[in-house]
Amino acid sequence: MKWGVVTFPGSNDDRDSVYCLERVLGQEAISLWHKDRDLHGVEAIVLPGGFSYGDYLRCGAVARFSPVMSSVMAFARAGGPVLGMCNGFQILCESGLLPGALVRNRSLSFICEWVAVRVETTRTRFTARCAAGECLSLPIKHGEGCYVADEATLKALQDNEQIVFRYVNQAGEALESANPNGAVQNIAGVTNTSGNVVGLMPHPEHAVEALLGGEDGRKLFRSAFG
Amino acid sequence: MASIPVDLQLAHDHGLSTDEYERIVRTLGRSPTFEELGVFSVMWSEHCSYKSSRRFLRRLPTTGPAILQGPGENAGIVDIGDGLAAVFKIESHNHPSFIEPYHGAATGVGGILRDVFTMGARPIASLNSLRFGAIEHPRTPHLVKGVVGGIGGYGNSVGVPTVGGEVYFNPGYNGNILVNAFTLGIAPTDRIFRATAAGVGNPVIYVGSRTGRDGIHGASLLASREFDDKSEDLRPAVQVGDPFIENILIEACLSLMQQDLIIGIQDMGAAGLTSSSVEMADRGKAGIVLDLDTVPTRETGITPYELLLSESQERMLIVAKEGCEEAVKDVFATWDLQAVVIGEVTADGLFRTTWRGEEIVRIPVSALTSQAPAYERPASRPADLTAKQQVDLSALPLPTDYAAVLTSLLTTPNLASKEWVYRQYDFLVGGNTVVQPGSDAAIIRLKESNKGLGISVDCNSRYCALDPYRGAAIAVAESARNLAVSGVRPVALSDCLNFGNPEKPEVMWQFVQAIDGMRAACQALEVAVVSGNVSFYNETDGQAIPPTPTVAMVGIMDAVTHHVTQWFKHPGDLIVLLGETHEELGASEYLAALHHQECGRPPRLDLEREKRLQQVCLRAAQAGLFSSAHDVAEGGLAVALAEACISHPRQTVGVRVTLTGDLRPDALLFGESQSRAIVSVRPADWDQLKALLHTSRLPFSVLGEVGGTDLEIAGYMKIATAALRQQWQTALAQQLTHA
Amino acid sequence: MLAKVYVTPKKAILDPQGTAIAHSLHALDYTEVSEVRMGKYLEVRLTGLSRPHAERRVEEMCQRLLANLIIEDFRFEIVEE
Amino acid sequence: MLAKVYVTPKKAILDPQGTAIAHSLHALDYTEVSEVRMGKYLEVRLTGLSRPHAERRVEEMCQRLLANLIIEDFRFEIVEE
Ligand SMILES: Nc1ncnc2c1ncn2[C@@H]1O[C@H](COP(=O)(O)OP(=O)(O)O)[C@@H](O)[C@H]1O
Ligand SMILES: [Mg+2]
């Protein structure tokens, strides 16, 4: 499968994502430049983590207007698989491809740690190979990962099975004590109504090698292989 | 343009002495212009000229078979095989961080990153070494939060993982905190760039952020003199950084370096445009002329004096090959960065600048560099040191509750978990972090091979205050030991020598002693010093900081899979103490925290024994014999055992041990004898490890085994490890919020 | 012309920064403070537009970029300099 | 009573946020924008103070906590609600 990983100025995990896809998972992966509208025939797109355009004003606010994003939006609307991780998730929300928004962590500080997330639905392009209710160990590293949405949106997310991941404790329970950033209902990731666009705050691309702490992240990418 | 007249008084205001001013007049054969005075004042400042330290720094061993670049460039370089080099340096940003902790620390991180990528290396790991005043001091929490926030704010955004560091609290830093930042990068050995200006007629190109009025005289007036009640006036010297620009500057510079377009490149650090161009000209034995009218500015009305001295961040100076200007500009344009030709390399050996068609600076480059003043300042042993080195243990009551002592040690801010700090840092970006913060050394894998690099920063300044020679030697030894117990072979170090006012003989003595102690340890452990930084004038109202020669050591692992972490893993593993415990409580955390005494001499260091310990650890790690290994440092054996039980990122495990020996129990449990490590080993591997210990004549004792849920030291204590971990983990955050 | 733009968190959205500042003010004994909300303040300098035109443009900038309407409200005023 | 507090970066201090926003507005074709400065806007709700008293207190809060005087300026106005 041919993957495209977008590089915005200020993206940080773009190289790690290419490495993960190419060297660890044996996929074809190219990097897509923010100024380039041409998607070069990729079959899946990754919006990586980092601080696109410095994340000034709001995380992801500026990136959504970059030339490549108009192509990404068209690709997504046509049903192409798009995975946004951390800053990528923020960009997807800012661009309206995913509902809701991400705001400052409740603690007001940046948090880097490994967390457990529970797979809430397997009906997405990036969780098809997970088991529903399965817990994955993934790292988070963000200052603005607190997911918020209004009541109506939350209800719709619930009704349409659009909540993809929740932060949970070791026992798999989505308790407040297992919530690292204050996200509403412990939400760590969501999808659009058709399940082809997934955004999450954790970093599956940093959980693909046992040497570096775990391999659970592989499942997300593998799900997209079809 | 009417220039400001220069006289001796103005020279004094610039931090120059009468002698120095006269020397300037002699060198030039005339009075300097106002701009020239500014240039001399920064280039001859302690911070840029190393005038008090230069001749002593020569005593440090700086060469070795793997050393490709020792001190003198932007960073040191070590050959790590497979055509790759490790490029690294540590640097201080103390004064700015005290004035504005967030931006001071952030720009410190930015500066050290530039020192590394300017050599062609992609930065892959940062560490930091921090010293704050007493945690109860009213300013401390604000400073800690600001500094940690700034390091994270900048480092995370730039996309370089912060993988380790150290944090200590001591009232000696109440008026002067220390922020030392370290970065390690990787470069191909055949593509290393140096900061040199050569080739007459080659263009000098300015890239990065525009110049503003920030940080004028940061080097000369902020970093090269003491704090006093006037220091508040220096506030405009504070700089604000832009990590986003740094991030793209890294990418742009590294992509520039893929092509054959440039001769040399240097970041504009302290003393900005002046020192970068002068230093490049000096290394290339050339001259440089700059047209200041072409320097990109952020606001109108900036004077040439300000342009020369501004320390605006995220700027680089490049000497390109003639005719390659447009190609260079194209590379930066890809990243929407500006590149402007502002001057050229000349043959006259002069640093010249023009402004509105007039030459306003004309100084021989050598007068600003090799011919700058150098002093052999008087040194004398502090008169009260002998008294401070005394400690009367017989007058010291033995504790009645050893468990309580251990708990209070583990909750002092110095020994408490630093998780509150490092969880604010992205330690994963880059995808190479094998051992994340929380173990003795950080370990980074190299994607290009099976190798790994280990890094540790260390300095016990209480030891250094009570015996700077021994304290500095221990800093080197401990850093190396942290690597060795992790399975990493120490290779080279970068040092950051933080001291008080060198014009005081006692401070100078501390400095020279520390250099000699470092030298002895480096020689014994076969480690070279490849880069470093001296920060003097860490004094407020005449009160100097404890001498703090911070050591950042880098080592190599041939197979990164053999890395060792400090926490116990398997119930049933044997626990073995390598090394010996003596009755050494002098300068210990125990004396300071429990008895409020900072006195006595630091523990003895037998460098030959140390070397053997480290070799054994390396061989055992390579043979896969260790389940865990942890060096014994502050807080002694009991603290090291406790840490091995509770420092695993997710779980705790218990132990049952018996300590023998006829030492005072508090010395046995909490003394800080050197050259020790606590290791755990599977019973099946014990014979092999034992044989190794015998052949290397290293004393050892089997203490007990891993298992259960309590930390049990027979006859002294039994504590539930889960509860202990909870207290240890939350202590720092609690004290910072309730202080 | 200068547009002064105020972007504030919507009432329904938690404002942890504002809450933290209120806490700190209480700790400093400013007990008269009952609530703090924290938002952004932008000064956008404009050239060559008529006032009504500037108003339309700034409104549009806010809608498109300066505020995220899911979580923020905005208002602005335009002043001559 | 409500104190509206405006905290802005000092003129000489680098304002990376403002600069980035200006760039982005240009990219969106708002070429009429010549400069953006980005600051904070705080609404501090106060109870039980007279207006002159409130003014003194808010001034003090700004000095001590709300603004970082090394790099920021502030001003405020107090309105009845
Ligand atoms: N300022 C810091 N930044 C990042 N990590 C830190 C910092 N301070 C301490 N740490 C990490 O916390 C752990 C414990 O630190 P320390 O007690 O100083 O270790 P040691 O005594 O083994 O040198 C180490 O892994 C260290 O890297
Ligand atoms: Mg250690």
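Everything quoted here is computed from the prediction, not taken from an experiment. Numbers restart at 1 for each chain; the letters A, B, ... are given by sequence-line order, proteins then strands.
Residue D:L49 holds its CG atom at 11.5 Å from OH of C:Y30, rounded to the nearest 0.5 Å. Note: D:Y41 OH to C:M38 CE = 12.5 Å, rounded to the nearest 0.5 Å. Distance check: C:T31 OG1 to D:R57 CZ gives 6.5 Å after rounding to the nearest 0.5 Å. C:R37 contributes atom CZ, which lies 8.0 Å from atom CD of D:E43 (distance to the nearest 0.5 angstrom). A distance of 11.5 Å separates CG of D:L42 from OG1 of C:T8, quoted to the nearest 0.5 Å.
Residues C:L46 and D:S34 share a closest heavy-atom pair of N-OG, 4.3 Å.
More than 12 heavy atoms of other residues, nucleotides or ligands sit less than 6.0 Å from atom NE2 of D:H26.
Side-chain contact between D:E32 and C:M61: present, with at least one pair of heavy atoms (C-beta onward) separated by less than 4.5 Å. The side-chain heavy atoms of C:V44 and D:I21, taken from C-beta on, include no pair separated by under 4.5 Å. Considering only heavy atoms from C-beta on, D:V36 stays 4.5 Å or farther from C:R45 through its side chain.
Interface residue C:D29: only backbone heavy atoms are found under 4.5 Å from chain D. Contacts of D:L66 with chain C are made by side-chain atoms alone, with heavy-atom separations under 4.5 Å and no backbone atom involved.
Note on D:R75, D:Q17, D:K4: by heavy-atom pairs under 4.5 Å with chain C, the leading option is D:R75.
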